[in-house]
2 protein chains.
Amino acid sequence: MFSKSVKYALKAVLFLAVNSNDKKKVMVKDLAKPINVPQAYIAKVLQELSKQKIISSTRGPKGGVFLDEKNREQSLVSIIYAIEGEKKMTHCLLNLKKCNLAKPCPLHHLANPSREELIKTLKNKTINDLAMDIKSGRSFLPI
Amino acid sequence: MFSKSVKYALKAVLFLAVNSNDKKKVMVKDLAKPINVPQAYIAKVLQELSKQKIISSTRGPKGGVFLDEKNREQSLVSIIYAIEGEKKMTHCLLNLKKCNLAKPCPLHHLANPSREELIKTLKNKTINDLAMDIKSGRSFLPI
DNA sequence: GAATAAATATGATATACATCATATTTAAGA
DNA sequence: TCTTAAATATGATGTATATCATATTTATTC
Ligand code: FES
Ligand code: FES
């Protein structure tokens, strides 16, 4: 469903949501193991997220990556789009130029409602929302 | 969402559902262009579908690929699973060993219901169902 | 049964995605 | 200001997916 890069990105951001803040930065090497992802790979993904202001970071000794208050209020979909672009999620399921109701492909009526609902959900949910789920035991991180 | 191979497979099967039967076979080269897919590629995909009895075929002059009555009653999900396996659709969205309610990942509550619904829909819908949509103008093929 | 026309099997190449490795920049602290 | 520890930039390698090409098998028709 999602590419590996997106999954890794989501895991990393959620880890940061629970384990970091502007006073408590996390080094990439200390983040890779608990979320079960190759360090060099997640480093690259985090660089992209940082460039796009999805996460925050500072260099040098005592540096690291973290989420500030603004970062926490971003939607989940912003992470997905940051890594793999919007098109991959919104394209026609059978590769028409664009998905449209006027001349829908055979899968549109069937599958598009579920997909739209999913996207809406991912747009409305913030990183903080999911972090609260984790803290309250509704869902679990060691992933 | 789906891989290209799956999209191509779905397009090809739907084309056959509308344009073939056991009396009227279609040559691969006559199928590739209308569904806008490279011929050599779709040929390979069709071979796999044929091997798995999703479609029917005969060799030699007057041969071709087609859907018989049994083929038409198969679910859409069977096409997807034939090409890319079941796991890709049912795996945990964040790559846990397996998706389970007892210890759900942070995305489970959020995204899994939409996904389950989609899978259920694809299981219940047959190729024939979609072909009827096309014939009645509810959806469109030239894809 | 020989010639032909189709799918099928097999493998080669190209492109995208995932992973690894390393040199560069930046900030902290001595 | 020098050393050091961190992210960042860049690029190399590996692996899966997509695409192309061709030889083989099978059924039809004469
Ligand atoms: S037209 Fe294909 S999904 Fe909407
Ligand atoms: S546990 Fe991750 S989707 Fe169900």
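By convention in this document, chain letters (A, B, ...) are assigned in the order of the sequence lines, proteins followed by strands, and residues within each chain are numbered from 1.
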- Message: Can a donor-acceptor pair be found, under 3.5 Å and without considering hydrogens, that links the side chain of H109(B) to the backbone of R138(A)?
- Response: yes

- Query: Okay, side chain of N19(A), backbone of F15(A): is any donor-acceptor separation there less than 3.5 Å?
  - Reply: yes

- Task: Would you kindly compare G63(A) and G64(B) by the position of their nearest DNA chain C nucleotide and give the one closer to the 5′ end?
- Result: G64(B)

- Query: For S56(B) and N71(B), does a side-chain donor sit closer than 3.5 Å to a side-chain acceptor?
  - Reply: yes

- Task: Name the nucleic acid region contacted by Y8(B), choosing base, sugar-phosphate or nothing; use a 4.0 angstrom heavy-atom cut-off, strictly under.
- Result: sugar-phosphate

- Considering only heavy atoms, which members of residues 38-47 of chain B lie under 4.0 Å from some atom of DNA chain C? K44(B), Q47(B)

- Give me the first and last nucleotide of DNA chain C, going 5' to 3', that has any atom under 4.0 Å from a heavy atom of chain B. dT4(C) to dA12(C)

- Item | Residue-phosphate contact under 4.0 Å: T58(B) side-chain N/O, dT26(D) OP1/OP2 | no

- Does Q74(B) use its side chain to pair, donor to acceptor, with the backbone of I55(B) at less than 3.5 Å? no

- Reference residue T126(B); test side chain to side chain donor-acceptor pair (under 3.5 Å); the match among D129(B), N124(B), N128(B): D129(B)

- In residues 15-29 of chain A, which residues come under 4.0 Å of DNA chain C by heavy atom? none

- Item | Nearest-nucleotide comparison on DNA chain C, the residue closer to the 5′ end among P61(A) and K4(A) | K4(A)

- Query: Within the distance-only criterion (no hydrogens, no angle test), does the side chain of Q52(A) pair as donor or acceptor with the backbone N or O of A82(A) below 3.5 angstrom?
  - Reply: yes

- Donor-acceptor pair, side chain of R115(A) and main chain of M89(A), under 3.5 angstrom: yes

- Determine whether F66(A) and L14(A) fall in the same hydrophobic cluster, where Ile, Leu, Val, Met, Phe, Trp and Tyr are linked whenever their side-chain heavy atoms lie under 4.5 Å apart. no

- Query: For residues S50(B) and S57(B), is any side-chain donor paired with an opposing acceptor at under 3.5 Å?
  - Reply: yes

- Item | Pairwise side-chain contact, L130(B) with L107(A), heavy-atom cut-off 4.5 Å (strictly under) | yes

- Taking atom types as modelled, find out whether S5(A) and Y41(A) have a side-chain donor-acceptor pair closer than 3.5 angstrom. yes

- Query: Rounded to the nearest Å, what distance is computed from the NZ atom of residue K7(B) to the C1' atom of nucleotide dA18(D)?
  - Reply: 13 Å

